[in-house]
Each structure stands twice: as C-alpha cells, then as structure tokens.
**Q** 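Sharing a structure, written as structure tokens. Questions coming.
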2 protein chains.
Amino acid sequence: MSATAPTFLPLYRQIRDLILRSLEAGEWRPGAAIPSELELAARFRVSQGTVRKAIAELAGENLLLRRQGRGTFVATHSELRQQFRFLRIVPDEGAPEPYESRASECRRARASVEAARLLELKPGDGVVCIRRVLRFGGAPIVLEEITLPGSMFKGLSAAKLGKHAGSIYHLYETEFGTPMIRADEKLRAAAADAGAAQALGVVAGTPLLSVERVAFTYGDRPVEWRRGLYRTDKHYYRNVLT
Amino acid sequence: MSATAPTFLPLYRQIRDLILRSLEAGEWRPGAAIPSELELAARFRVSQGTVRKAIAELAGENLLLRRQGRGTFVATHSELRQQFRFLRIVPDEGAPEPYESRASECRRARASVEAARLLELKPGDGVVCIRRVLRFGGAPIVLEEITLPGSMFKGLSAAKLGKHAGSIYHLYETEFGTPMIRADEKLRAAAADAGAAQALGVVAGTPLLSVERVAFTYGDRPVEWRRGLYRTDKHYYRNVLT
DNA sequence: GAGTGGTCTAGACCACTAG
DNA sequence: TAGTGGTCTAGACCACTCC
C-alpha cells in the first residue's frame with residue numbers, strides 16, 4: 001500500500017524545482033526580484049511558457065509574487081499586507097487593527113520530548129523559548145509561547161525582539177535567513193489557567209481559543225512551534241473554506 | 001476611494017464567466033462531465049488554450065474537477081473525499097473517522113434579525129431550523145444548529161434528513177439544487193450551557209470550540225447559517241496556513 | 001520607449017482512461 | 001484505438017511600470 005511514485009515529471013515541474021532550489025540557497029533574498037521569464041528560459045534552455053508555468057505554481061504556493069510590468073519577487077513577511085497572513089484574529093467590529101507585541105521572556109532551554117518531536121530535533125537539543133503578549137488597541141488578546149531550534153536562532157534575544165518592527169516572521173527571514181512558508185494549526189477550546197488569566201486580564205477558567213502551530217520553511221522543515229491562547233470575547237478567528 | 005473598476009477583462013475570464021453561468025443554470029449537474037475542451041472552444045469560438053485557462057480557474061475554485069483522460073466534472077459533495085472539505089475536525093489519535101448524524105429537530109420558523117441579515121432575507125421570512133449532533137466512534141462531538149431559507153428548502157423534513165446518506169451538503173445539492181461552494185467561519189471559545197453540555201456529555205461550563213459559519217452557493221449568495229459547538233478534548237480543528 | 005509580466009493562438013506530441 | 005486532459009513550443013500582441 002505504498003504511495004505510487006510519480007511515473008512522469010513534467011518539464012515545468014523540474015524547472016519549478018530548480019527555481020525552488022535557488023530560493024532555498026538564498027540566491028535571491030526575500031523581497032528581491034528574480035530574473036525575468038526570458039532570462040530564466042534562456043538559463044534553463046526551455047521556452048518562456050514553461051518558465052511561466054513553473055513560476056505560476058510557486059506563486060500559487062505564495063513563494064513568489066508576480067507583479068505585472070515590474071517583475072517577479074521573492075515572497076516576504078515584511079509587507080503590511082502579509083501581517084495577517086498567519087494571524088487570523090479579527091475584531092468583531094471594525095477592520096483588522098495593527099497589534100503591538102511585548103515579549104516578556106526570551107530564554108535558552110533544552111528541547112522537551114514534544115518539542116523535539118515536532119521540530120525534528122533530539123530531546124535535550126538547545127531551543128529558544130519566547131513568551132509574549134499581543135495587544136490590539138491596547139488590550140491583551142493573545143498570549144503565545146514560541147519554541148525555536150537554538151542552532152538556527154543563535155543571536156536571538158529579548159533586546160532583538162524588542163527592537164524589531166513588524167511581524168516576528170519578518171525577523172526570522174531578515175536576521176536568521178529563515179523564511180516561513182507554511183504552517184499547520186490545531187485549534188481547541190481551553191480554560192484559562194492562572195498565568196494566562198493574569199496575562200490576558202480575564203478570570204481563571206475563562207474559555208480561550210488554543211492555537212497550536214508548527215510552521216515550516218523550505219523543504220517542509222519545521223522551524224517554529226508555538227502555542228497561542230486567544231481571548232475571543234471581542235475578537236474571532238477567521239477562516240475561509242473553499 | 002471607490003474600488004477601481006476592471007479596465008480590462010481577458011477573454012479567458014469572459015469564458016470562465018460563461019461556463020459559470022451554465023453551472024448556475026444547472027446545464028450540467030453536480031458530478032456530471034462538462035463538454036470537452038475542444039467542444040467548448042468551438043462553442044465559444046476561442047482557442048483550446050483559452051478554454052483551458054478558464055477551466056483551470058474554475059478548478060482552482062473547486063467548482064470543477066479535472067481528471068486526465070476522463071474529462072472535466074462538476075464538483076460534488078457526494079464523494080467521500082469531499083466529506084471533510086468543510087468539516088475540519090480531526091481526532092488527536094488516528095485517521096479521520098466517518099461520522100454519524102442525528103437530527104433531533106427540524107422545524108419551520110421565522111428568521112431572526114441576525115439570521116435575516118446573514119442570509120440576506122427579511123426578518124420574519126420563513127426559515128428551516130435544524131438541530132443535530134455528529135457522533136464520531138459513537139461519541140457526540142459536535143452539536144449544530146443550522147438555519148436555511150425556507151423558500152429554497154421547501155420539502156426538507158426530519159424524515160428526509162434521516163433517510164439521506166452522506167453529508168448534508170450532498171442533500172442540498174441533490175434534493176434542492178443548491179451546491180455549496182464556499183463558507184466563511186468565525187471561531188471562538190465558549191463555555192457549554194446546560195443544553196450543549198447535555199447533548200455532548202460534558203459538564204456545564206466546559207470550554208467548547210464555537211464555529212459559526214455562513215455558506216454560499218454560486219454568485220456568493222448566502223444559503224446556510226450554522227453554529228457548531230465542538231468538543232475538543234479528544235479532537236481538534238485542523239487548519240493549514242499558506 | 002524599453003522592459004516586464006499577461007493574453008491568445010495554433011499545432012505537435014504525451015499521458016491517461018475506457019471500451 | 002479513440003478521446004480526454006496535459007505538456008511544450010514559438011510567436012504575436014496587449015497591459016502595466018518606470019525612466
């Protein structure tokens with residue numbers, strides 16, 4: 001009952017993989033333009049149409065961004081429009097608001113068995129643990145604990161987190177060369193414990209939305225494990241099913 | 001600050017819209033094959049490539065399903081693979097399991113102000129209200145209240161719900177000619193009230209995942225409003241961010 | 001005006017399915 | 001073997017951005 005191996009790999013998919021390899025290798029940085037379609041066609045000795053189809057796939061996976069008349073760009077978390085790509089919380093009333101992040105903790109630790117399993121590390125490997133609160137309109141709405149492989153995030157500190165503007169994924173990609181491209185989330189309801197209640201300004205036992213996430217970089221390599229607790233009395237988690 | 005009108009509508013998009021209109025009109029039923037690309041190209045007097053691009057868009061929106069060597073088919077909720085397209089609950093351990101639906105109630109009522117707003121009806125218009133429980137492995141996991149426009153679901157009854165095999169969306173499309181193609185969900189955490197606690201076998205106050213959904217048919221017309229309460233002690237709501 | 005991505009066509013050939 | 005969708009090419013032209 002093994003999965004059938006692909007008996008045929010179209011040319012455009014091979015080109016796609018070559019471009020992907022260049023992205024992984026950092027040949028073009030996030031936000032930068034990649035060569036034009038005609039240049040890539042010449043480089044790979046294929047027609048422009050084949051390159052177009054390869055790029056279209058990568059754009060569909062949000063790894064590239066096409067802009068007519070300007071070029072094709074490596075996806076980045078630096079733009080405001082990307083701010084809420086991975087953060088699906090929305091206020092009941094009004095438009096999505098900018099948030100403010102306050103990291104209360106950023107320490108080195110040893111990977112738990114669970115962290116090791118999810119991040120494909122060995123138990124005991126070094127990790128970075130971040131604890132932070134996201135505030136919307138001044139109010140604490142999200143409490144998060146983030147776990148990262150220590151080896152990939154060597155210089156990460158509370159100071160660096162505080163100094164950095166924009167989303168933490170922007171920090172990952174600019175300071176540590178690790179763009180996040182996909183994430184799996186598990187959502188549950190949970191009662192606030194004493195710590196969460198205090199951080200979010202609710203009474204203990206209040207139902208909170210628990211969002212557990214593993215985020216991946218190129219090659220489906222897991223890089224970040226986080227657990228968020230969301231207040232959902234004035235906000236909700238938006239999802240679109242298609 | 002109005003949205004800029006599309007100054008240019010590509011041919012393939014016009015063809016897309018024509019095919020969409022045929023789908024809306026029911027020219028081809030869910031599950032049935034649409035004409036081949038060459039036939040459509042002849043009908044619309046465009047090249048096969050243009051039809052291909054139109055179909056590719058509709059397939060990307062999950063309105064059509066392409067199968068090499070066989071043809072292109074109208075999307076349907078009748079297939080098992082589609083069972084969990086709109087139901088994102090997954091057990092902590094093991095593979096997704098089939099579920100059993102028990103409707104405890106199916107009655108006619110007048111639309112509340114909120115139901116009218118969400119379903120684009122007038123307050124007081126006739127609606128159908130369904131209350132049901134979904135069981136996984138015999139255990140009640142999801143409690144749902146579903147509201148539908150009465151005018152579109154004239155013969156719907158508890159008996160019909162009970163007789164029908166498969167998902168309720170399959171019922172909508174086969175018995176009432178209304179395929180569901182998209183849904184917006186709002187997720188929150190909520191404490192179980194007495195009724196929910198009894199239905200799901202938990203103590204009152206237990207945190208439950210609240211899933212409020214509006215589902216749409218062709219033309220972004222809202223057709224279904226539902227609120228689900230999910231037990232998440234042994235299951236979770238799965239989401240993929242890309 | 002030069003350069004980019006976007007559209008459209010026509011045709012050849014390939015891979016897959018079914019009878 | 002016939003018919004379907006899938007791939008690949010080459011070329012012409014369009015729409016958009018920037019200088």
Side-chain angles (χ1 to χ4, degrees), chain A residues 3-20 22-23 27-28 31-76 79 81, chain B residues 3-20 22-23 27-28 31-76 79 81:
Chain A
T4 43
T7 173
F8 167 70
L9 194 60
L11 185 53
Y12 76 86
R13 203 169 278 278
Q14 300 175 42
I15 303 302
R16 187 204 93 110
D17 292 345
L18 288 173
I19 297 174
L20 188 50
S22 288
L23 285 169
E27 180 174 341
W28 316 296
I34 71 171
S36 75
E37 294 176 351
L38 283 172
E39 284 180 84
L40 290 172
R43 180 203 287 198
F44 298 126
R45 314 293 188 99
V46 298
S47 76
Q48 186 187 10
T50 299
V51 170
R52 287 186 64 77
K53 195 150 187 192
I55 290 176
E57 278 216 348
L58 293 167
E61 299 168 50
N62 293 310
L63 302 185
L64 293 176
L65 182 63
R66 323 189 68 165
R67 289 196 269 187
Q68 188 179 45
R70 300 194 51 191
T72 300
F73 301 81
V74 182
T76 175
E79 295 163 39
R81 317 161 37 246
Chain B
T4 41
T7 173
F8 166 70
L9 194 60
L11 185 52
Y12 76 86
R13 202 170 280 276
Q14 300 175 43
I15 302 302
R16 186 205 94 110
D17 292 344
L18 288 173
I19 297 174
L20 189 50
S22 289
L23 286 169
E27 181 174 340
W28 315 296
I34 71 171
S36 75
E37 295 176 351
L38 283 172
E39 283 180 85
L40 291 171
R43 181 203 286 200
F44 298 128
R45 313 293 188 99
V46 298
S47 76
Q48 184 188 10
T50 299
V51 170
R52 287 186 64 75
K53 195 149 187 192
I55 290 177
E57 278 216 349
L58 293 166
E61 300 168 49
N62 293 310
L63 302 185
L64 293 177
L65 182 63
R66 324 189 68 166
R67 290 197 268 187
Q68 188 178 47
R70 301 193 51 191
T72 300
F73 300 82
V74 182
T76 176
E79 295 163 39
R81 317 160 40 248

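Here the structure is a predicted model, which means the values were calculated and not measured. Worth knowing before you read on, the calculation uses all heavy atoms, side chains too, and leaves out hydrogens, waters and symmetry mates. Quick note on labels: first sequence line is chain A, next is B, and so on, each numbered from 1.
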**Q** Check B/Ile19 against B/Ala54 and note the closest heavy-atom contact, atom names and distance.
**A**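 Taking B/Ile19 first and B/Ala54 second, the nearest heavy atoms are CD1-CB, 4.3 Å.
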**Q** Shortest non-hydrogen contact from B/Phe73 to B/Gly31?
**A**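 The answer is CD2-O, 3.6 Å.
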**Q** Using atom CG of A/Leu58 as one end and atom C1' of C/dG5 as the other, report the distance to the nearest whole Å.
**A**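 Result: 16 Å.
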**Q** So does B/Arg66 get a side-chain nitrogen or oxygen closer than 4.0 Å to the phosphate oxygens (OP1/OP2) of D/dG6?
**A**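 So the side-chain polar atoms of B/Arg66 do come within 4.0 Å of the phosphate oxygens OP1 or OP2 of D/dG6, strictly under.
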**Q** Which atoms of nucleotides 13-19 of chain D (N or O only) lie under 3.5 Å from a protein N or O atom, and what are those distances?
**A**
| unit_1 | atom_1 | unit_2 | atom_2 | d |
| --- | --- | --- | --- | --- |
| D/dC16 | O4' | A/Gln68 | OE1 | 3.4 |
| D/dC18 | OP1 | A/Arg70 | NE | 3.3 |

**Q** Would you please name every residue forming a side-chain contact (heavy atoms from CB on, under 4.5 Å) with B/Arg66, sequence neighbours left out?
**A**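 By the side-chain contact (heavy atoms from CB on, under 4.5 Å) rule, B/Arg66 matches B/Glu37, B/Arg52, B/Ile55, B/Ala56, B/Ala59, B/Thr72.
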**Q** What is the base-pairing partner of C/dA18, counting Watson-Crick and G-U wobble geometry with both distances under 3.5 Å?
**A**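 Result: D/dT1.
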**Q** Can you check whether A/Thr72 has a side-chain N or O nearer than 4.0 Å to OP1 or OP2 of C/dG5?
**A**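 For A/Thr72, the contact criterion (side-chain N or O under 4.0 Å from OP1 or OP2 of C/dG5) is met.
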**Q** Could you state the CZ-C1' distance from B/Arg16 to C/dG6, rounded to the nearest angstrom?
**A**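 Value for this atom pair: 17 Å.
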**Q** Could you give the distance from CD1 (B/Ile34) to CG (B/Leu58), rounded to the nearest 0.5 Å?
**A**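 With rounding to 0.5 Å, CD1 (B/Ile34) is 8.0 Å from CG (B/Leu58).
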**Q** Would you sort out whether B/Arg13 and B/Glu57 count as a side-chain contact (heavy atoms from CB on, under 4.5 Å), showing the intermediate values?
**A** CA-CA 9 Å; B/Arg13 202 170 280 276; B/Glu57 278 216 349; 3.0 Å; yes
**Q** If you compare all heavy atoms of B/Val46 against all heavy atoms of B/Leu11, which two are closest, and at what distance to 0.1 Å?
**A**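 Minimum heavy-atom separation between B/Val46 and B/Leu11: CG1-CD2, 3.7 Å.
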**Q** When the distance from OH of B/Tyr12 to P of C/dT9 is rounded to whole Å, what number comes out?
**A**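 B/Tyr12 atom OH is separated from C/dT9 atom P by 13 Å.
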**Q** Start with the C-alpha gap between B/Arg16 and B/Glu61, add the side-chain angles, then the distance that decides, and say whether side-chain contact (heavy atoms from CB on, under 4.5 Å) holds.
**A** CA-CA 11 Å; B/Arg16 186 205 94 110; B/Glu61 300 168 49; 2.4 Å; yes
**Q** Kindly give the heavy-atom pair with the smallest separation between B/Pro35 and B/Arg43, and that separation in Å.
**A**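 Distance-wise, the nearest heavy atoms are CG-NH2, 4.3 Å.
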**Q** Where along residues 38-57 of chain B does a heavy atom come under 4.0 Å from DNA chain C, residue by residue in number order?
**A**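 Contacting residues: B/Val46, B/Ser47, B/Thr50, B/Lys53.
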**Q** Do you know which two heavy atoms are closest between A/Val74 and A/Leu64, and how far apart they sit?
**A**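 Result for this residue pair: CA-CD2, 4.0 Å.
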**Q** Quickly work out the A/Leu64 CG to C/dT4 C1' distance and round it to whole Å.
**A**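 A/Leu64 atom CG is separated from C/dT4 atom C1' by 15 Å.
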**Q** Take atom CD of B/Glu37 and atom P of C/dC8, then tell me their distance rounded to the nearest Å.
**A**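 Roughly 16 Å, once rounded to whole Å.
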